[in-house]
Undergrad: 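Below you will find the structure I want to go over with you.
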Number of protein chains: 2
Amino acid sequence: MATPRTRLDPEARRAQLVGLGLEMLSTRPLDKVAIDEIAAVAGISRGLLFHYFPTKRDFHVAVARAASQDLLERTDVGHGLPLLDRLRASVEAFVDHVATNRDAYVAFIRGSSGGDPELLDVYESTRTAFTDRVLDSLGLVDVPPPLLRAAVRGWVALTEEVTVDWLSRGGLDRGEVVDLIDDALVALIAVAGAEDLATGG
Amino acid sequence: MATPRTRLDPEARRAQLVGLGLEMLSTRPLDKVAIDEIAAVAGISRGLLFHYFPTKRDFHVAVARAASQDLLERTDVGHGLPLLDRLRASVEAFVDHVATNRDAYVAFIRGSSGGDPELLDVYESTRTAFTDRVLDSLGLVDVPPPLLRAAVRGWVALTEEVTVDWLSRGGLDRGEVVDLIDDALVALIAVAGAEDLATGG
DNA sequence: CGCGATGTTGACCAGACGTCAATAGGATCG
DNA sequence: CGATCCTATTGACGTCTGGTCAACATCGCG
């Protein structure tokens, strides 16, 4: 770990640093990921990190974006399956992913911000992506009824909370959790759909 | 604002500082509430603030706790009313409160932590309090079925998300939002209740 | 009016973010 | 194979903010 000065392709270096940031993220919350530490582990000077990421926040945003993309990819499964099967597969993937990376995930969703607008946006975009994915699989990509959209988005939050809460408190088994989340979506769509039809959507 | 040295009762001073922190919280996220600023506005030295709150985090925790308690009190309404009416009144109180304090609320739930365990706990306790309140009004204070508990907790997260999302995106009116949240709870209880009975709870 | 308790101060330290001119790896060209 | 240029990389510096501490001043009390 004492390579005096290794010249690296900028993209490779960025990728390396973001990768290290992701590893750190599983240990501590994003705020506590000190620039110095990353630089030390990467075997570079702090100055260089600031060369690639003008500010600490920029680095954090990059790491958060990577985490978000990873999460979205891991849960994008079951494309060939019928609607409900695909839903179940996705939920299972989500629950399992969060289960194996609980601290990292909580750090991502809560510890992320400090109220930074860009980080807030990364987090918000992730939820939007999940919401759109559900609406998409319902065949409602464009002009989804606002009420339905709100309901699905609420379900995304519910999914997150039920999963994290389950990992902390226990009291259920994995199957029950997945069932609950699945059934919740169906029920919520029914609620929103009926409401929407009733009001003339 | 140039009182040279005003001796104050410790409790009064604490209250004053937390109060100022709450005001600040409506402007910026908790992380950005600098000790120096609080001290300056309060007309005291930074050293004194550290005398009352050993660390910045302790101060933030105190402020967060105050915000949480305020939120809980404001939404604890409709005690005499029948179940569904009380639910609606509470949800309305919640939505209205968040609507008038959007930034402060988002700052509270997201910007809070930085992953600090104590702050996480304040936030988590707030959700627990909401959950217990709902279970309580259902007459299920003790030994609530785990599935129902999880469902209600998920609903709390849904409520939060739907409200905040509505304030950002619009597309619905207040009544629709409240209706959606109300109906969601009923539907989710049905889902969890059926599941629970089916599995022998 | 003096004395003690304690609320209060201001100077000090430490650690982390951010800057910048100088340095050196490595590819290219003669 | 050696000189040269580009640029990735460095490390010393400035600064801001959280946190410490011994001294001080204000109030209650005899």
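Here is the naming used below: chain letters follow the sequence lines, and residue numbers restart at 1 for every chain. Just so you know, these numbers come straight off a predicted model, no measurement behind them.
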Undergrad: Just how far, in rounded Å, is P of dT19(C) from NZ of Lys56(A)?
TA: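 In whole Å, dT19(C) P lies 15 Å from Lys56(A) NZ.
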Undergrad: Atom CZ of Phe53(A) to atom P of dA8(D): distance rounded to whole Å?
TA: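 To the nearest whole Å, that distance equals 14 Å.
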Undergrad: For Arg65(B), is the CZ atom crowded, meaning more than 12 foreign heavy atoms sit under 6.0 Å from it?
TA: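 Count not over threshold, so no.
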Undergrad: How close or far is atom P of dG19(D) from atom CZ of Arg57(B), stated in whole angstroms?
TA: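 Spelled out: CZ on Arg57(B) to P on dG19(D) is 8 Å.
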Undergrad: Could you state the atom-to-atom distance from NE2 of His60(A) to P of dA16(C) in whole Å?
TA: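 His60(A) atom NE2 is separated from dA16(C) atom P by 13 Å.
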Undergrad: Please give, in whole Å, the distance from dT9(C) P to Arg46(B) CZ?
TA: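 Atom-to-atom, Arg46(B) to dT9(C), this comes out as 12 Å.
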Undergrad: Using the side-chain heavy atoms of Ile44(A), tell me which of these nucleotides is nearest: dT10(D), dT19(C), dG18(D).
TA: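 Nearest to the side chain of Ile44(A) among the choices is dT10(D).
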Undergrad: Atom CG of Leu49(B) to atom C1' of dT20(D): distance rounded to whole Å?
TA: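 Between C1' of dT20(D) and CG of Leu49(B): 14 Å.
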Undergrad: Given atom CD1 of Ile35(B) and atom P of dG18(D), what is their separation to the nearest angstrom?
TA: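 In whole Å, dG18(D) P lies 6 Å from Ile35(B) CD1.
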Undergrad: My understanding is that only residues two or more places apart in sequence, or in another chain, count here; which of them pass salt bridge (charged side-chain N to carboxylate O under 4.0 Å, His left out) with Asp136(A)?
TA: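 Salt bridge (charged side-chain N to carboxylate O under 4.0 Å, His left out) check on Asp136(A) returns nothing, list empty.
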Undergrad: Rounded off to whole Å, could you give me the CG-to-C1' distance for the Asp36(A) and dT19(C) pair?
TA: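 To the nearest whole Å, that distance equals 15 Å.
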Undergrad: Mind listing the side-chain donor-acceptor pairs of residues 10-24 of chain A below 3.5 Å, one per line with the distance, residues two or more places apart or on another chain?
TA:
unit_1   : atom_1 : unit_2   : atom_2 : d
Arg13(A) : NE     : Gln16(A) : OE1    : 3.1
Arg13(A) : NH2    : Gln16(A) : OE1    : 3.4
Arg14(A) : NH1    : Tyr52(A) : O      : 3.3

Undergrad: Which pairs, with at least one residue in residues 51-62 of chain A and sequence neighbours excluded, count as a salt bridge (Lys or Arg N to Asp or Glu O under 4.0 Å)?
TA: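 Passing the test, one end in residues 51-62 of chain A: Arg57(A)-Asp116(A).
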Undergrad: Measuring from the side chain of Phe50(B) (C-beta onward, heavy atoms only), which nucleotide among dG19(D), dC17(C), dG11(D) has the closest atom?
TA: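 Of all the options, the side chain of Phe50(B) is nearest to dG19(D).
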Undergrad: Does Thr55(B) make a side-chain N or O approach to OP1 or OP2 of dG19(D) shorter than 4.0 Å?
TA: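 Result: yes.
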Undergrad: Contact between Ile38(A) and Leu49(A) at the side-chain level, heavy atoms closer than 4.5 Å - yes or no?
TA: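 Yes - at least one pair of side-chain heavy atoms lies under 4.5 Å apart.
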Undergrad: Can you give the donor-acceptor pairs under 3.5 Å from side chains of residues 166-174 of chain A to other protein atoms, not counting sequence neighbours?
TA:
unit_1    : atom_1 : unit_2    : atom_2 : d
Trp166(A) : NE1    : Leu172(A) : O      : 2.9
Ser168(A) : OG     : Arg102(A) : NH2    : 2.8
Ser168(A) : OG     : Val164(A) : O      : 2.9
Asp173(A) : OD1    : Gly175(A) : N      : 3.1
Asp173(A) : OD1    : Glu176(A) : N      : 2.9
Arg174(A) : NE     : Asp96(A)  : OD1    : 2.8
Arg174(A) : NH2    : Asp96(A)  : OD2    : 3.0

Undergrad: List the protein contact pattern of nucleotides 2-7 of chain C with one symbol per nucleotide (5' to 3'): B for base contact, S for sugar-phosphate-only contact, - for none; contact means a heavy-atom distance under 4.0 Å.
TA: ---BBB
Undergrad: Provide the full list of salt bridge (Lys or Arg N to Asp or Glu O under 4.0 Å) pairs with a residue in residues 39-54 of chain B, sequence neighbours left out, each pair given once.
TA: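 Salt bridge (Lys or Arg N to Asp or Glu O under 4.0 Å) check on residues 39-54 of chain B returns Asp36(B)-Arg46(B).
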